[in-house]
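All chains are named by letter (A, B, ...) in the order of the sequence lines, taking the proteins before the strands, and each is independently numbered beginning at 1.
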Amino acid sequence: MKGVGEPLRNREISELLYETADIMEFQQIEWKPRAYRRAAQNIENFGEDIEKVYEKKGKKGLTKIPGVGESIADHIAEYLETGKVEKFEELKGRAPSGTTELMEIRGLGAKTMKKLADALEIKTISDLKDAVNTHRIRRLEGFGEKSEGNIARAIENYEKSHSRIPLGKALPLAEEIISALKAELRIRTPEIDLSKIIYTGSLRRLKETIGDIDILAEADKVNAGKMMNAFVYLPEVGQVVSKGKTKSSVILKEGFGIDLRIVPPESYGAALQYFTGSKEHNIELRNIALREDYKLSEYGLYSKNSGEQVAGKSEEEIYRKLGLEYIEPELRENRGELKAAAKNALPKLVDAGDLRGDLHMHTKYSEGAESLETMVEKAESMRYEYIAVTDHSRSQRIANGMEIETMKEQWEEIEKLSKSFRIKILRGSEVEILKDGSLDYPDEILKELDIVVGAVHSGFASSEREMTGRIVTALENKYLDILAHPSGRLLGKREAYAVNFGKVFEAAAANGKVMEINCQPSRLDLSDELIFRAKDYGLKFCISTDSHSVPDLASMRYGLGQARRGWLEKEDIVNTYPYSRLKEVFKKLRD
DNA sequence: GCCGTTTTCGGCCCGACTGTTTTCAGTCG
């Protein structure tokens with residue numbers, strides 16, 4: 001269970017429902033798992049704090065959430081009141097102890113797992129491993145040597161990477177594989193259209209972590225076979241899981257799964273739409289198609305009556321035929337984008353070309369790897385209009401935080417460099433928000449800075465009240481401009497600290513503070529969900545790389561993806577503003 | 001268990017691949 005300080009209990013409850021669905025499925029209960037998963041997904045994406053909804057409107061309020069009816073509402077209420085659900089506990093008690101874990105093994109579904117559990121008394125993953133090693137599985141009816149081998153590999157893969165791949169790793173990896181595939185095809189089959197090879201799935205939606213990398217390509221029948229061969233024989237491939245004419249799955253030597261699908265030109269758009277997902281977005285889209293007397297599949301949009309294809313070459317024409325605005329991949333999470341598209345009310349998402357600067361980076365003055373000049377030079381070559389140099393403040397000893405003297409030296413260097421570079425270099429600092437909420441430099445120093453990026457780097461175990469108080473106090477300080485990595489999470493390693501985001505966002509909005517979207521792949525903080533929520537408070541954001549080296553400066557795209565997933569437009573993001581306007585934003589805060 | 005411009009009861013996305021089943025069930029996305 002998550003800590004008491006989890007700001008929204010939505011995720012906690014949706015996880016409980018997902019887990020319950022798994023157990024029900026294992027017990028061969030029909031349909032309920034689907035209903036539970038649907039409810040879980042809607043709760044996960046529900047804009048309001050479910051606990052508040054319950055406090056204000058009771059069970060009635062809960063049933064307003066799509067997919068939540070009488071029964072699930074009862075269970076949620078029970079959970080909120082007592083911390084557990086009697087019925088779920090009972091259900092769990094009847095299933096083998098490791099059921100949830102076992103259900104996560106790919107290739108083994110509920111039916112197979114139940115059969116194995118019953119026949120061989122398998123309760124945990126290590127029991128399963130044991131059954132494989134003693135060859136008890138191949139002797140069961142309906143199983144053979146091959147399925148035993150597949151289970152062995154599935155366990156291995158589970159153990160190697162049952163955690164998901166961070167976006168910052170998956171995206172370069174996918175690009176590498178695609179370019180390797182293209183290089184291979186350029187030699188073997190120059191007639192294939194290489195522009196129609198693209199990554200899809202959660203990667204194309206730029207989700208913060210990715211399960212599998214999915215690649216889609218367009219080719220006719222003759223070329224499809226050649227392409228599949230080129231794919232499975234790439235040197236990066238460690239194991240071929242399956243290989244067919246239109247679909248193959250491989251696992252890279254590094255342990256990540258990659259699927260390649262090949263479709264004919266008339267279906268390319270439909271397939272791209274389908275494989276980009278999300279699953280929930282697609283289910284809803286199919287329902288819309290059905291209501292309009294169409295049938296939608298990965299091969300195209302078809303008239304239900306005549307069976308004739310009416311769209312399929314491009315995603316745009318599919319959405320258009322269904323009476324919808326084109327929906328950017330990052331929005332396809334069934335969080336209201338389909339309703340908005342029907343009303344022509346989608347946001348015009350911020351774009352890479354809109355960004356004019358980077359407001360968070362480090363140099364050798366604190367823990368960065370490069371000199372100030374090198375960072376400036378690189379930023380200028382990226383055609384930025386401005387950057388802020390934000391080395392750590394003095395109490396951040398571990399990161400070589402700057403004493404006031406050192407900072408003054410840095411100011412001199414900034415002044416000197418400003419003469420030889422076109423780009424505006426802002427004096428900044430990533431200033432510690434101390435335990436009591438005060439900032440790590442005296443006011444007369446803070447006053448001299450163009451940008452003060454406030455950050456918490458200590459006391460992660462504080463109570464929600466302490467942490468909220470600490471951050472709110474800092475947000476009330478007129479010298480603080482930006483709240484860096486507001487939740488403090490490290491993806492896959494550290495949960496967000498306990499803090500009441502409602503209060504943080506309120507205080508930030510009241511004081512005109514800017515929320516950072518930190519681009520470091522291990523942070524991506526704020527998360528897309530918190531961005532979406534924060535926007536409701538009328539907050540402005542900045543997308544910042546928090547670079548510690550030159551290559552880090554390129555990580556802007558990861559934060560940009562989260563901003564887009566949070567429905568942000570250019571106007572919501574201050575580092576899209578021209579310098580003159582940006583200066584006004586931060587100056588105003590000091591008045 | 002949820003839901004309804006076909007329905008308050010009877011459906012619930014749908015097509016490819018795999019393995020061992022000779023005609024299909026299970027799994028995945």
Task: Nearest-angstrom distance, P atom, B:dC9 to B:dC14 - done: 25 Å
Task: Distance-only donor-acceptor check, side chains A:Q273 and A:Y319, under 3.5 Å - done: yes
Open item on the list: Say we look at B:dT5 and B:dG1: how far apart would their P atoms be, to the nearest angstrom?
Closed with: 23 Å
Task: Closest nucleotide among B:dC14, B:dG1, B:dA16 to the A:R261 side chain - done: B:dA16
TODO: Between B:dT20 and B:dG29, how far apart are the C1' atoms? Round to whole Å, please.
DONE: 24 Å
Open item on the list: One thing to verify: whether A:K59 and A:D74 come together as a salt bridge, which I'm taking to mean a side-chain N less than 4.0 angstrom from a carboxylate O.
Closed with: yes
Open item on the list: Please confirm whether the shortest side-chain N or O distance from A:K111 to OP1 or OP2 of B:dC24 is below 4.0 Å.
Closed with: no
Task: Gap in Å between the two P atoms, one belonging to B:dA16 and one to B:dG10, rounded - done: 32 Å
Open item on the list: In whole Å, I'd like the distance from the CD atom of A:Q273 to the P atom of B:dG29.
Closed with: 17 Å
Task: Interatomic distance at C1', B:dT21 relative to B:dT27, whole Å - done: 16 Å
Task: Rounded distance (Å) that lies between atom P of B:dG26 and atom NZ of A:K114 - done: 13 Å
Task: Under 3.5 Å donor-acceptor pair, A:Y299 side-chain atoms to B:dG15 base atoms - done: no
Task: N or O in side chain of A:N150 less than 4.0 angstrom from B:dG19 OP1/OP2 - done: yes
TODO: Just call it for A:A39: base, sugar-phosphate, or nothing, with non-hydrogen atoms closer than 4.0 Å on any strand.
DONE: nothing
Task: Inter-nucleotide P distance (B:dC12, B:dC17), Å rounded - done: 24 Å
Open item on the list: Distance check, C1' atoms only: B:dT6 and B:dG11, in whole angstrom units.
Closed with: 12 Å
TODO: Rounded to whole angstrom, note down the C1' distance from B:dT8 over to B:dC13.
DONE: 24 Å
Open item on the list: Without decimals, in angstroms, what is the distance between A:D22 CG and B:dG1 C1'?
Closed with: 16 Å
Task: Gap between atoms CD1 and P, on A:I65 and B:dC3 respectively (whole Å) - done: 11 Å
Open item on the list: Just to be sure I understand the rule, does A:P33 reach a base, reach only the sugar-phosphate, or reach nothing, if contact means heavy atoms closer than 4.0 Å?
Closed with: nothing
Open item on the list: Any salt bridge linking A:K321 with A:E315? Criterion: basic side-chain nitrogen under 4.0 Å from a carboxylate oxygen.
Closed with: no
- [ ] State, yes or no, whether a side-chain contact exists between A:Y302 and A:E308 at a heavy-atom distance under 4.5 Å.
- [x] no
TODO: Just name whichever nucleotide pairs with B:dT8, Watson-Crick or G-U, keeping both distances under 3.5 Å, else none.
DONE: none
Open item on the list: Using 0.5 Å steps for rounding, measure from the CG atom of A:D528 to the CZ atom of A:R533.
Closed with: 13.0 Å
Task: Any A:R34 side-chain nitrogen or oxygen under 4.0 Å from OP1 or OP2 of B:dG11 - done: no
- [ ] Starting from P on B:dT27, measure out to CG on A:L116 and report it in whole angstrom.
- [x] 10 Å
